[in-house]
Amino acid sequence: MDVRKIIKLLVVLAVTFAMRYVPSEFFGLDGIDVAERRMLAIFAFAALMWITEVLPAWVTSVVVIVVMLLTVTDGGISGIIDSIGEGHIVSYKSVMAAFADPVVMLFLGGFVLAAVASKSELDLKLAKVILKPFGTKPRWVLLGFLLTTAVFSMFVSNTATAAMMITLLSPVLKSLPDDEPGKAALALAIPIGANVGGIGTPIGTPPNAIAMKYLNDPSGLNLGITFGGWMLTMVPLMLAVVLFSWFVLLKAHPFRTDSIKLQLADVSKRATTWQDWVIYCTFVLTIALWMLDSVTGLNANVVALIPVALFVVFGIFNAKDLQQLDWSVLWMVAGGFALGTGMYDTGLAGDMVRSIPFDAMPALAVILVSGFVCWGLSQFISNSATAALLMPIMAVVGAGLEDKLGLYGGSHTLLVGVALSASFAMALPISTPPNAISYSTGLITTNQMAKVGVIVGVIAYLLAYCVLLVF
């Protein structure tokens, strides 16, 4: 480890120590218990380690999970756990379950799909068809990935969309030189398109659905917002953010290559085998089930395991292929989920939100701050969990301040703003599953993702509130 990393590690440890032992009033968190103090320190350690990259992201995740198991769970060291007293002790099973979280299983299914598609060269064929309208100029191919991913994400879960699109991205990346800086732009286009695309429809991402529940509740706001009404406002916003993201990616990671050409000649000469037909049919089935989840009732995470089973049974995916999967990414994602579980179950996340004096703020500040808090928390906790935590609180705040909020669109602006802000949190590999999938390509560092993610996220946040406040 070089000197700079040692210095970074010492700073991280110093901040972690301060978070644990400096009086909680210093942070504006009055009365938090021992378990919450420990989780606050673990949260600070994880965030700083992921950002500074002193250790690989997956190593940090494993350390976080083990420290949580030892210090804040009912399976930890008895002398340390007993000191929590009446605090919120986390179930060790819920922390360990992060390794087999349903979204991790979706990742696994996506990785298997990508591996099999690469072996059969199906990814090359699909990429050539989908990207044909965008030509061969790298900047237009980049826009093609952004738009295609965003459109799919309007109707399919953003994780499933990212898993599918990263498969199509693989042959494009292979066609570019090893030192092509534009590869990073292509890799980042997938999570940006998947996250931003979700805002286009009420079903695009769970925070949207949670917001709609409160907005259309007959016993509550009862605003009667329709599917089409949501899209009428949000699709133009989504397209505006996608176009801005395109501009940012081209500036941050400009292409040197003049054209992208996918060579399909060798593929067309190869005779189609029965295994190819199994792969083709499985891909069609998987994508169809992802898109028709509202009809079939099948969860996207469950659907992701169907191709795994079929490919294993038919011998298309074997033990050697299994060893080649990027398991480090799955462990990294598990660490993020475990951290979110700890913050939520100890009550730390709720206390952090409740410590904000919304009732003492001007109406416009309440609207803007609530969205910013959601954006910040969603960098480390799943956007669904963040929305589930914030929406009930903000619904009560909105009802109490309805007269003041009326000038700015009332509770509609407040709750929709929170939902949209959750989708704009994409600064770290653990912020959203699409980010982790993109990070698994090995083409981008945490710092590169953070820079683009923060710029796009902040501008998207500002654009969203301009739209909500004006319309």
Side-chain angles (χ1 to χ4, degrees), residues 110 113-115 117-118 120-156 158-198 200 235 238-268 283 287 426 434-435 437-445 448-449 451-453 455-456 459-460:
L113 278 173
S118 181
S120 65
E121 297 177 313
L122 174 62
D123 55 354
L124 184 57
K125 295 178 182 178
L126 289 175
K128 199 162 182 73
V129 171
I130 290 178
L131 296 179
K132 187 175 181 180
F134 299 96
T136 60
K137 293 293 183 182
R139 62 171 51 240
W140 298 113
V141 171
L142 175 64
L143 180 61
F145 270 105
L146 279 166
L147 288 174
T148 303
T149 306
V151 170
F152 271 114
S153 192
M154 290 168 62
F155 305 98
V156 183
N158 59 8
T159 310
T161 299
M164 177 175 60
M165 292 303 298
I166 209 74
T167 301
L168 306 186
L169 180 63
S170 178
V172 176
L173 296 175
K174 290 178 182 177
S175 71
L176 292 169
D178 292 338
D179 60 348
E180 171 56 66
K183 284 186 173 183
L186 288 166
L188 286 168
I190 303 301
I192 291 174
N195 292 319
V196 174
V235 170
M238 178 201 77
L239 293 174
V241 176
V242 166
L243 290 174
F244 175 78
S245 303
W246 181 44
F247 172 79
V248 171
L249 289 173
L250 287 174
K251 289 295 183 182
H253 305 286
F255 286 90
R256 293 177 188 159
T257 306
D258 292 330
S259 65
I260 296 176
K261 295 181 180 179
L262 304 182
Q263 301 299 326
L264 199 57
D266 294 338
V267 179
S268 59
F283 259 79
I287 294 172
M426 45 185 152
N435 281 29
I437 290 174
S438 173
Y439 186 78
S440 72
T441 63
L443 298 172
I444 46 179
T445 64
Q448 288 174 323
M449 181 173 280
K451 289 175 182 177
V452 172
I455 293 172
V456 171
I459 296 301

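Remember, it's a predicted structure, so these values are computed and weren't measured experimentally.
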For Leu443 and Gln448, what are the C-alpha separation, side-chain angles and deciding distance, and is it a side-chain contact (heavy atoms from CB on, under 4.5 Å)?
-> CA-CA 10 Å; Leu443 298 172; Gln448 288 174 323; over 6 Å; no

Test side-chain contact (heavy atoms from CB on, under 4.5 Å) on Trp140 and Leu143 and set out the steps. CA-CA 5 Å; Trp140 298 113; Leu143 180 61; 3.8 Å; yes

Practice task
Take Ile459 and Val248 through the side-chain contact (heavy atoms from CB on, under 4.5 Å) test and state the conclusion after the steps.
Solution key: CA-CA 11 Å; Ile459 296 301; Val248 171; over 6 Å; no

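Atom CZ of Phe145 and atom CG of Leu142 lie 9.0 Å apart (nearest 0.5 Å). Atom-to-atom distance recorded for Met164:CE and Thr148:OG1 is 9.0 Å, nearest 0.5 angstrom. With values rounded to the nearest 0.5 angstrom, Ile190 atom CD1 is found 11.5 Å from Asn435 atom CG. Arg256 contributes atom CZ, which lies 5.5 Å from atom CG of Asp179 (distance to the nearest 0.5 angstrom). Taking OG1 from Thr161 and CE from Met154, the interatomic distance works out to 11.0 Å, rounded to the nearest 0.5 Å. The distance from atom CG of Leu249 to atom CZ of Phe255, rounded to the nearest 0.5 Å, is 8.5 Å.
A donor-acceptor distance shorter than 3.5 angstrom exists from the side chain of Thr167 to the backbone of Ala163, with no hydrogens or angles considered. The backbone N or O of Ile437 lies less than 3.5 Å from a partner atom in the side chain of Ser440, making a donor-acceptor pair. Using a distance-only test at 3.5 Å, with no hydrogens or angles considered, a donor-acceptor pair links the side chain of Ser245 to the main chain of Val241.
Across Leu186, Asp178, Ile260, a single residue satisfies side chain to side chain contact (heavy atoms under 4.5 Å, CB included) together with Leu173, and that is Leu186.
In plain terms, the two heavy atoms of Lys137 and Asp258 that are nearest each other are CD-O, 3.5 Å. Nearest heavy-atom pair across Tyr439 and Thr445 is CE1-C, 4.2 Å. The two residues Pro254 and Pro181 have their closest heavy-atom pair at O-CG, 3.2 Å. The two residues Pro177 and Thr257 make their nearest non-hydrogen contact at CD-OG1, 3.5 Å. Taking each heavy atom of Ser438 and Ile444 in turn, the nearest pair found is OG-CD1, 3.2 Å. The two residues Ala187 and Leu169 have their closest heavy-atom pair at CA-CD2, 3.9 Å.
The shortest side-chain heavy-atom distance between Leu147 and Leu239 falls under the 4.5 Å cut-off. Two residues are said to be in side-chain contact when any heavy atoms from C-beta on lie closer than 4.5 Å; Leu243 and Trp246 meet this criterion. Lys183 is not listed as a side-chain neighbour of Thr441, based on a closest heavy-atom distance of 4.5 Å or more.
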